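Okay, so here's the structure we're looking at.
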Number of protein chains: 2
Amino acid sequence: MDAFASSSQDIAARCQRRLADCGIRPTAQRMRIASLLLAEPQHLSAEQILASLRRAGARVSKATVYNTLNLFASHGLIRQLSVDGARAWFDSNVDAHYHFHDVATGTLIDVPVPEVEFSRLPPPPPGTEVEGIDLVIRLRKTGS
Amino acid sequence: MDAFASSSQDIAARCQRRLADCGIRPTAQRMRIASLLLAEPQHLSAEQILASLRRAGARVSKATVYNTLNLFASHGLIRQLSVDGARAWFDSNVDAHYHFHDVATGTLIDVPVPEVEFSRLPPPPPGTEVEGIDLVIRLRKTGS
DNA sequence: TTCCTTGCAAAACTTTTGCATTAAA
DNA sequence: TTTAATGCAAAAGTTTTGCAAGGAA
């Protein structure tokens with residue numbers, strides 16, 4: 001089942017359901033942020049989200065954007081990425097996957113799990129277990 | 001050849017040589033930062049380095065620590081890591097390797113390249129080539 | 001009402017920068 | 001002496017927080 005169904009008019013309805021499933025009250029701001037982010041798999045910064053909503057005429061504050069993103073992330077609706085130290089990226093695709101990172105442009109591209117296979121991985125240290133694997137394949141322009 | 005030889009008294013001498021090889025003037029502050037960082041493979045934040053040097057009685061400013069770390073990184077003497085969004089970590093091991101990351105404690109542990117084997121990797125998008133692979137294996141305490 | 005959410009501004013943090021002073025070659 | 005590095009303080013950028021006001025149940 002795909003979290004990003006292709007029908008376009010009822011994104012709001014699906015967002016509302018997903019928030020309800022998490023016990024998150026669907027306020028106007030939260031719905032707008034969810035509708036933007038969960039419309040398709042993408043990577044957005046807090047600032048981009050704020051700018052996009054403001055451009056669309058929404059009344060949202062920076063604090064609410066951050067609060068909401070942290071709230072969503074804590075409920076597993078989105079995932080926070082640390083690819084460069086400069087700022088956080090919020091990934092609306094929470095299925096396991098990896099990333100290409102174009103260092104020059106900053107672009108992030110999803111890499112589906114089946115495209116990477118590990119034939120060998122180290123055992124986690126005693127007393128610990130693997131929570132997840134973050135794989136970033138850094139890209140540069142081909143020097144032809 | 002190991003960048004971290006085990007003789008202890010001449011760390012300074014080796015640092016001086018490594019700076020000279022990069023054409024970096026070996027000032028007092030740079031030597032202290034290099035001696036601390038390059039003494040062994042480790043992961044330190046700018047703040048940790050500053051605190052450690054001050055504790056040892058060195059006269060160093062925060063600006064110089066940052067300037068120096070950036071300078072070292074740009075010459076490939078150290079590597080800057082982005083594992084959590086909170087701050088940058090500076091890795092004195094510049095040989096290719098991966099990391100374990102204990103999310104609870106923040107601890108980073110090196111994973112040597114031979115302990116990971118990829119049997120499948122996606123081709124880089126057209127016009128790009130792989131610059132490097134950042135692999136972070138996130139760990140949590142075992143829930144026994 | 002009662003509790004939760006929002007917005008604003010200020011604060012907190014990390015990192016960078018401008019500029020006068022100091023140290024290195 | 002000439003050039004580059006340092007320290008300090010201020011600035012810049014991102015994220016968090018305190019608190020009064022607003023909205024939902």
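In the text below, chain A, chain B and the rest are named by the order of the sequence lines, each starting its count at 1. These numbers come from a predicted model, not from an experiment.
Distances shown here put a side-chain N or O of B/Asn70 below 4.0 Å from the OP1 or OP2 atom of C/dT16. Residue A/Thr64 has a polar side-chain atom (N or O) positioned under 4.0 Å from OP1 or OP2 of C/dG7. The side chain of B/Tyr66 contributes no N or O atom lying less than 4.0 Å from OP1 or OP2 of C/dT16. Phosphate contact (OP1/OP2 of C/dT6, side-chain N/O of A/Thr27, threshold under 4.0 Å): present. The phosphate of D/dG7 has OP1 or OP2 within less than 4.0 Å of a side-chain N or O from B/Gln29.
The separation between A/Leu69 atom CG and C/dT5 atom P is 15 Å, rounded to whole Å. Distance CD1 (B/Ile24) to P (C/dA24): 16 Å, rounded to an integer number of Å. Per the geometry, CZ belonging to A/Arg30 stands 11 Å off P belonging to C/dG7, to the nearest Å. Rounded to whole angstrom, the span from the NZ atom of A/Lys62 across to the P atom of C/dA9 amounts to 12 Å. Here the P atom of nucleotide D/dT14 and the CG atom of A/Leu81 are 17 Å apart, to the nearest Å. One atom, CG of B/Leu50, and another, P of C/dC13, lie 15 Å apart when rounded to the nearest Å. Atom C1' of nucleotide C/dT5 and atom CZ of A/Arg32 are separated by 17 Å, given to the nearest angstrom. Rounded to whole Å, the distance from CG on B/Leu71 to C1' on C/dT16 is 15 Å.
When distances are taken from the side chain of B/Arg25 to each of D/dA5, C/dG7, C/dT15, the shortest belongs to D/dA5. Closest approach to the B/Thr68 side chain among D/dG7, C/dG7, D/dT6 is made by D/dT6 (side chain taken as heavy atoms from C-beta onward).
When heavy atoms are screened at a 4.0 angstrom cut-off, B/Ala86 is found touching the sugar-phosphate backbone but no base atom.
Nearest-nucleotide assignment on DNA chain C puts the 5′-proximal partner with A/Ala63, out of A/Ala63 and B/Ala88. Nucleotides of DNA chain D nearest to A/Phe90 and B/Arg59 differ in position, and the one nearer the 5' end is that of B/Arg59. DNA chain C is contacted by both B/Asn67 and B/Arg87; B/Arg87 maps to the nucleotide lying nearer its 5′ end (nearest heavy atom per residue).
You'll find the side chain of B/Phe118 stays beyond 4.5 Å of the side chain of A/Arg120, heavy atoms only.
Judged by distance alone, the side chains of A/Asn93 and A/His43 never bring a donor and an acceptor atom under 3.5 Å apart. Residues A/His99 and A/Asp134 have side chains that never bring a donor and an acceptor to within less than 3.5 angstrom of each other.
Enclosure of atom CZ in A/Arg17 is not indicated, since only 12 or fewer non-hydrogen atoms of other residues, nucleotides or ligands lie within 6.0 angstrom. More than 12 heavy atoms of other residues, nucleotides or ligands lie within 6.0 Å of CZ in B/Arg54, so this atom counts as buried by the packing criterion.
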